[in-house]
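Presented below is the structure to which this report refers.
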Protein chains: 2
Amino acid sequence: MAEQRNTRQRRAVKGVLDQLEGFHSAQEIHEFLRDSGEQIGLSTVYRNLVSLADANEVDALRNDEGETLYRRCSSGHHHHHLVCRTCGKTVEVDGPAAEQWAESIASAHGFKNVSHTFEIFGTCEQCQR
Amino acid sequence: MAEQRNTRQRRAVKGVLDQLEGFHSAQEIHEFLRDSGEQIGLSTVYRNLVSLADANEVDALRNDEGETLYRRCSSGHHHHHLVCRTCGKTVEVDGPAAEQWAESIASAHGFKNVSHTFEIFGTCEQCQR
DNA sequence: AACGATTTGACAATCGTTCTCATTAGTGTT
DNA sequence: AACACTAATGAGAACGATTGTCAAATCGTT
């Protein structure tokens with residue numbers, strides 16, 4: 001259906017995500033690209049991030065302020081994150097127990113079509129100094 | 001320091017929260033008040049909700065779309081929610097296990113000043129019809 | 001009733017994100 | 001390589017939720 005064209009800009013966005021550690025906002029990513037000399041529009045960055053997230057090629061999550069943050073995800077399966085508020089450094093976390101717990105709570109109350117968010121934010125060791 | 005005045009508007013906002021089931025956005029609450037014949041500005045609703053949330057008199061959380069939703073919380077202690085996307089109906093949920101799990105993950109990686117979000121969204125039985 | 005400080009409300013401003021639409025550029029075909 | 005067809009881009013406008021501004025209204029106290 002949606003044929004993805006391999007444009008210079010899309011390549012660039014993917015490229016940054018490989019270089020950057022942890023989660024970053026679309027605007028940060030745009031700024032980074034511009035600083036790297038890449039000519040790319042902000043809308044394009046947004047569009048590509050959204051489409052990459054739809055295609056499950058990157059992880060997306062919302063931080064405390066409601067911004068969406070993106071990160072190239074290593075594993076293909078569902079997981080959660082421990083994210084540093086300051087530098088975006090991320091630890092990937094599995095929580096099968098929590099997973100199941102959410103599921104069972106939901107179905108116990110007759111809820112369908114369930115999604116959940118489970119993210120941990122904090123300040124990493126480095127940024128504490 | 002901040003002495004809270006008991007204004008008609010603040011009373012009204014608290015009042016709605018008592019009447020309304022589940023989580024609702026500031027705008028919904030404003031609309032509801034207006035429909036009830038209460039004359040109140042949108043900014044005022046926002047301000048009161050924020051201050052009530054700060055005072056821990058109401059619960060606040062962000063939904064999938066990044067909107068902030070509010071609800072008068074029954075219990076004073078920390079808890080999570082199972083929220084219906086459609087009507088806002090809410091089940092209050094305790095997850096001591098999940099709680100501790102988050103804590104231990106965070107400290108294991110040297111993160112301080114940790115906060116977490118754990119909310120479950122779905123469609124409740126009624127709204128499935 | 002009067003006072004001084006806090007709140008209010010209408011509206012402007014902000015911030016992240018999405019939309020619009022004319023232009024550009026992949027991709028498959030001669 | 002030149003074409004054609006269509007998706008992707010970019011600049012800026014538009015949007016939606018939320019916050020800021022500031023004069024006017026209101027609360028609680030004297």
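Computed from a prediction, not measured in an experiment: that's the story for all the values here. In the text below, chain A, chain B and the rest are named by the order of the sequence lines, each starting its count at 1. When reading the values below, keep in mind they use all heavy atoms of this one structure, side chains included, and skip hydrogens, waters and symmetry mates.
Rounding to whole angstrom units, CG of residue B/Leu52 and P of C/dT7 are separated by 12 Å. Distance B/Leu49 CG to C/dT7 P: 15 Å, rounded to the nearest Å. Here C/dT20 presents its P atom at 18 Å from OH of A/Tyr46, a figure rounded to the nearest Å. Note: CG (B/Leu42) to P (C/dT8) measures 13 Å, nearest angstrom.
With distances taken from any side-chain atom of A/Val50 to the nucleotides C/dT18, C/dT8, D/dG10, the minimum falls on C/dT18. Nearest nucleotide to the side chain of B/Gln4, out of C/dT7, D/dT9, C/dG9: C/dT7. Taking only side-chain atoms of A/Arg5, from C-beta outward, the nucleotide of D/dA11, D/dA8, C/dT17 with the closest atom is D/dA8. Closest to the side chain of A/Gln9, out of D/dT9, D/dA17, C/dT8, is D/dT9.
With a 6.0 Å radius and a threshold of 12 heavy atoms from other residues, nucleotides or ligands, B/Glu57 has its CD atom above the threshold.
In this model, no donor atom of one side chain and acceptor atom of the other lie less than 3.5 Å apart for B/Arg62 and B/Thr117.
No engagement by B/Glu65 is indicated, since no non-hydrogen atom pair under 4.0 Å with the nucleic acid exists. Among the atoms of the strands shown, only primed sugar atoms or phosphate atoms (P, OP1, OP2) are found under 4.0 Å from some heavy atom of A/Thr7.
When the side-chain nitrogen and oxygen atoms of B/Thr44 are compared with OP1 and OP2 of C/dG9, one or more of them lie within a distance under 4.0 Å. Considering only side-chain N and O atoms, B/Asn48 lies under 4.0 angstrom from the phosphate OP1 or OP2 of C/dT8. OP1 or OP2 of C/dG16 sits under 4.0 Å from a side-chain N or O of A/Gln27.
No hydrogens or angles were tested; on distance alone, a donor-acceptor pair under 3.5 Å links the side chain of A/Arg47 to the base of D/dG10. For B/Ser43 and D/dG20, a side-chain-to-base donor-acceptor distance below 3.5 Å is present, hydrogens and geometry of angles not being considered. Put simply, the side chain of A/Thr68 and the base of C/dG16 share no donor and acceptor less than 3.5 Å apart.
Considering every non-hydrogen atom in both A/Glu67 and A/Ser25, the closest pair reads OE2-CB, 4.3 Å. In plain terms, the two heavy atoms of A/Glu99 and A/His80 that are nearest each other are OE1-NE2, 3.1 Å.
Under the Watson-Crick and G-U wobble criteria, each requiring two contacts below 3.5 Å, nucleotide D/dT30 is paired to C/dA1.
Taking 4.5 Å as the limit, some side-chain heavy atom of A/Phe23 sits within range of a side-chain heavy atom of A/Asp59.
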